[in-house]
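Sequence lines set the chain letters: A, B, ... in the order given, protein chains first and strands last, and positions in each chain run from 1.
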Amino acid sequence: MCGRFFLVPDLHELLALLDAMPEGIDDLRGPRWNIPPTMPIVVMRPGDAGPRSLAPARWGLVPTWWRDPDKLPSFHNARAETAATKPSFRGAVRYRRVIIPATGFYEWDRARGRTPFSITRSDGDVMAFAGIGTVYSKGPHVLETAAILTVDASPAMRGTHDRMPVILERDAWDAWTDPRASVDDAMAWCTPKPEGLDVVEVGTGVNNARNTDGRWFESAIAPVAAEDGP
DNA sequence: CCAGACGTTGTT
DNA sequence: GTCTGG
DNA sequence: CCAGACGTTGTT
DNA sequence: GTCTGG
């Protein structure tokens, strides 16, 4: 679940939407219609710039003990039910809970030949995935990394998939990323968003991560608009 | 003790 | 089938 | 997540 | 690094 997402706003817009400050980013072009694992993303968490610092990261958590910096793993999801006890994730759960902003994410119906769907918030607000992160440091290179937590899908989403990312409401953002919160409390906040999501079929152009222009939304937003001749 | 794994998704 | 690249 | 490669020799 | 399996 949640192996591809999109983020429309540029840095300036995103900082305003999140009420955040930049840390180590001076440019983020939007829109980014097709973000796959291992690619650069941004995470929000307490930092040098304030309680909601927005920093660059790699999507695909790298455990701090990982040996080979030339072959990094891609742990792009972590199960919320078990992350707190897994050797690869528990340090991140305890010390580095982050928020990954998105406009929405994609899912595929494999029973229909990998038909893609987009999932967005019905209220149009920015989507805040609950994530966990590490700072992977090997030699001269320092890399912030992150994974998105998943839970069983809400009944409303079960027709789309059996798992879904944890989506935090705005009033939970700061509590989630506060390292003083207990792990028990934090994991109790990992519940499926029960409603308020729009699922829309989009074009198969999204399937190939090299396609980044978002044209697959044309058919979704304005379907069958081609018959308007004079 | 040392060696080896350490993760998710989906599909069969 | 499995790994890499996007 | 999906798409696409998956190999060697030698030469440029 | 830390846990599990042998």
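On the C1' atoms, C:dC3 is 24 Å away from D:dT9, given to the nearest whole Å. C:dG6 and D:dG7: their C1' atoms are spaced 23 Å apart (whole Å). Spacing of C1' atoms, C:dT2 relative to B:dT8, comes out at 16 Å, to the nearest Å.
In terms of the side chain to side chain donor-acceptor pair (under 3.5 Å) criterion, A:R210 has no residue partners (sequence neighbours excluded). Under the side chain to side chain donor-acceptor pair (under 3.5 Å) criterion, A:T177 pairs with no residue, sequence neighbours left out. The side-chain contact (heavy atoms from CB on, under 4.5 Å) search around A:A172 returns none, not counting sequence neighbours.
DNA chain B lies under 4.0 Å from at least one heavy atom of each of the following residues of residues 105-114 of chain A: A:R110. Listed by residue number, the members of residues 86-96 of chain A with any heavy atom below 4.0 angstrom from DNA chain B are A:K86, A:P87, A:S88, A:F89.
Along DNA chain D, the stretch of nucleotides lying under 4.0 Å from any heavy atom of chain A spans, 5' to 3', D:dC1 to D:dG4.
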Donor-acceptor pairs under 3.5 angstrom involving side-chain atoms of residues 84-93 of chain A: please list them, not counting sequence neighbours.
from, atom 1, to, atom 2, distance (Å)
A:T85, OG1, A:T82, O, 3.1

Distance-only donor-acceptor hits, side chain of residues 69-78 of chain A, under 3.5 Å, sequence neighbours excluded:
from, atom 1, to, atom 2, distance (Å)
A:N77, ND2, A:M1, O, 3.2
A:N77, ND2, A:C2, O, 3.3

Side-chain atoms of residues 186-193 of chain A: list all donor-acceptor pairs with protein atoms under 3.5 Å, sequence neighbours left out, distances to 0.1 Å.
from, atom 1, to, atom 2, distance (Å)
A:K193, NZ, A:E169, OE2, 3.2
A:K193, NZ, A:E195, O, 3.3

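Contact annotation for A:A78: backbone-only contact, meaning every heavy-atom pair under 4.0 Å involves sugar-phosphate atoms and none involves a base. Residue contacts shown for A:T82 are limited to sugar-phosphate atoms, with no base heavy atom under 4.0 Å away.
Counting non-hydrogen atoms of other residues, nucleotides and ligands closer than 6.0 Å to CZ of A:R94 gives a total of 12 or fewer.
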Output field dot_bracket for DNA chain C (Watson-Crick or G-U, both distances under 3.5 Å, | for other-strand pairs) contains ||||||
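Proximity of A:R114 to A:W108: side-chain heavy atoms (C-beta onward) are separated by under 4.5 Å at one or more points. Taking the side chain as every heavy atom from C-beta outward, A:W216 and A:N34 approach each other to under 4.5 Å. For the pair A:R58/A:T38, a side-chain contact is recorded, criterion being any heavy-atom separation below 4.5 Å from C-beta on.
Put simply, the side chain of A:R97 gets close to the backbone of A:D178: a donor and an acceptor are under 3.5 Å apart. Using a distance-only test at 3.5 Å, with no hydrogens or angles considered, no donor-acceptor pair links the side chain of A:W173 to the main chain of A:A175.
The salt bridge (charged side-chain N to carboxylate O under 4.0 Å, His left out) pairs that include a residue from residues 5-20 of chain A are A:D19-A:R52, where partners are two or more places apart or lie in different chains.
Linking ILVMFWY residues whenever their side-chain heavy atoms come closer than 4.5 Å, directly or via other members, places A:W65 and A:L143 in the same cluster.
Nearest heavy atoms, A:L61 versus A:I132: CD1-O, 3.7 Å.
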Between the protein and nucleotides 2-6 of chain C, which nitrogen or oxygen pairs come in under 3.5 angstrom?
from, atom 1, to, atom 2, distance (Å)
C:dG6, N7, A:T38, OG1, 3.3
C:dG6, O6, A:P37, O, 3.1
C:dG6, N2, A:R4, NH2, 3.3

